[in-house]
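Written below as structure tokens is the structure these notes are about.
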Protein chains: 2
Amino acid sequence: MNIGDVAENTGLPAKTIRYYEDIGLIKPMRDGNGYRRFRDQDVHKLNFLGRARALGFTIEDCRTLLALYEDETRASADVKRVAREHLTQIEAKIADLNAMRGTLSHLIDACAGDDRPDCPILKDLGGKS
Amino acid sequence: MNIGDVAENTGLPAKTIRYYEDIGLIKPMRDGNGYRRFRDQDVHKLNFLGRARALGFTIEDCRTLLALYEDETRASADVKRVAREHLTQIEAKIADLNAMRGTLSHLIDACAGDDRPDCPILKDLGGKS
DNA sequence: ATGAGGGTTCCAGTGACGGGAAGGTCAAGG
DNA sequence: CCTTGACCTTCCCGTCACTGGAACCCTCAT
């Protein structure tokens, strides 16, 4: 399989696939003409990576998870720890965003949104609360 | 005021303040020795920027908001539009993160987290659901 | 004179790619 | 045989909002 077919199959852009090779996540073979040749195992890894990235894992987490995936002697505790730490990050981000949303929607509700200059949003940002 | 005092007053790192000057958000004066000299209006702008950034507005949004802030003839509708668009982005992000959190916590709950290799997290990422 | 503690500029790096240039390869059609 | 168009390759720059660090200047106290 060439990179275009793999891109279509995995849903990952060709650029991303090349990037993943660059940083050593996958190691496809090469044909005589220099084209990358992807075996099933490469495609499988890419699907793994795509799903892990979709769950928000960083590339370094993905590297770790992939290594655990390939290691038949892994302890599931190691996987779980990585996942739990990531979950903690996600929850922290959600909390931050919820705080922003709360403040913002409050301010938006208070703003007339007409052609007059008075604006509680700017008033708040300006510190005159 | 020199940059160090401004940094302390606003809570913004000196590096960030220099960056904001670089990209034209503020235009502090210069002393004879080349040091930046910040007037109250500069400090005020920086506080504005700090608060807007804390609400998650992009730098370009901040530029827009600052321009509106300075424009006595603005329409609050313009401010509100910027804020609403940002709120939409935030809500989209929250939705994404909530979806991730749901899947992740599900998988984490299903994982024994012991020294055995069996792991529903990896099984899911591997596509064998 | 020296040292500490400001300040300055400029360059490189972050994460995870995306855009685009310049060029090699391949299969099909005229 | 030649061309065309769709692939593929590498390489470098840009993103966003900074952060770190090097190399250097200024000021004041000892």
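Reminder, nothing fancy here: chain letters follow the sequence lines and each chain counts from 1.
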Establish, with yes or no, whether the OP1 or OP2 oxygen of D:dT10 is under 4.0 angstrom from a side-chain nitrogen or oxygen of A:R36.
yes
Which listed nucleotide (C:dG7, D:dC18, C:dC17) is nearest to the side chain of B:Y35?
C:dG7
Atom CD of A:E21 to atom P of C:dA16: distance rounded to whole Å?
18 Å
Drop me the distance from A:K80's NZ to B:D114's CG, to the nearest 0.5 angstrom.
8.5 Å
Which is true for A:R18 with a 4.0 Å heavy-atom rule: it touches a base, it touches only sugar-phosphate, or it touches nothing?
base
B:D22 CG to D:dC18 P, in whole Å, measures 12 Å
Atom CD1 of A:I17 and atom CG of A:L49: how far apart are they, to the nearest 0.5 Å?
10.0 Å
Measuring to OP1 and OP2 of D:dC18, would you say a side-chain N or O of B:Y20 lies under 4.0 angstrom away?
yes
B:S76 and A:D118: side chain donor to acceptor below 3.5 Å:
no
Examine C:dT8: is either OP1 or OP2 under 4.0 Å from a nitrogen or oxygen in the side chain of B:N33? Give yes or no.
no
Check B:T10, B:N2, B:L46 against B:F38 for a side-chain contact (heavy atoms from CB on, under 4.5 Å) and give me the one that passes.
B:L46
Measure from CG on A:D31 to P on C:dA27 and round the result to the nearest Å.
11 Å
Spell out yes or no: do the side chain of A:Y19 and the base of C:dG18 have one donor N/O and one acceptor N/O closer than 3.5 Å?
no
The answer to which of B:F57 and B:K15 contacts DNA chain D further toward the 5' end, by nearest nucleotide, is B:F57
Ignoring backbone atoms, test whether A:R30 places a side-chain nitrogen or oxygen under 4.0 Å from the OP1 or OP2 oxygen of D:dT10.
yes
5′-ward residue of the pair A:T16/B:G4 relative to DNA chain C:
B:G4
Can you tell me how far C1' of C:dA16 sits from CG of A:L25, to the nearest Å?
11 Å
Nearest to side-chain heavy atoms of B:P13, which nucleotide of D:dT10, C:dC17, D:dT19:
D:dT19
Name the nucleic acid region contacted by A:R37, choosing base, sugar-phosphate or nothing; use a 4.0 angstrom heavy-atom cut-off, strictly under.
nothing
Is a side-chain donor or acceptor of A:R74 paired with a backbone partner of B:P117 at a separation under 3.5 angstrom?
yes
Describe the nucleic acid contact of B:I3 in one word from base, sugar-phosphate, nothing, applying a heavy-atom distance below 4.0 Å.
sugar-phosphate
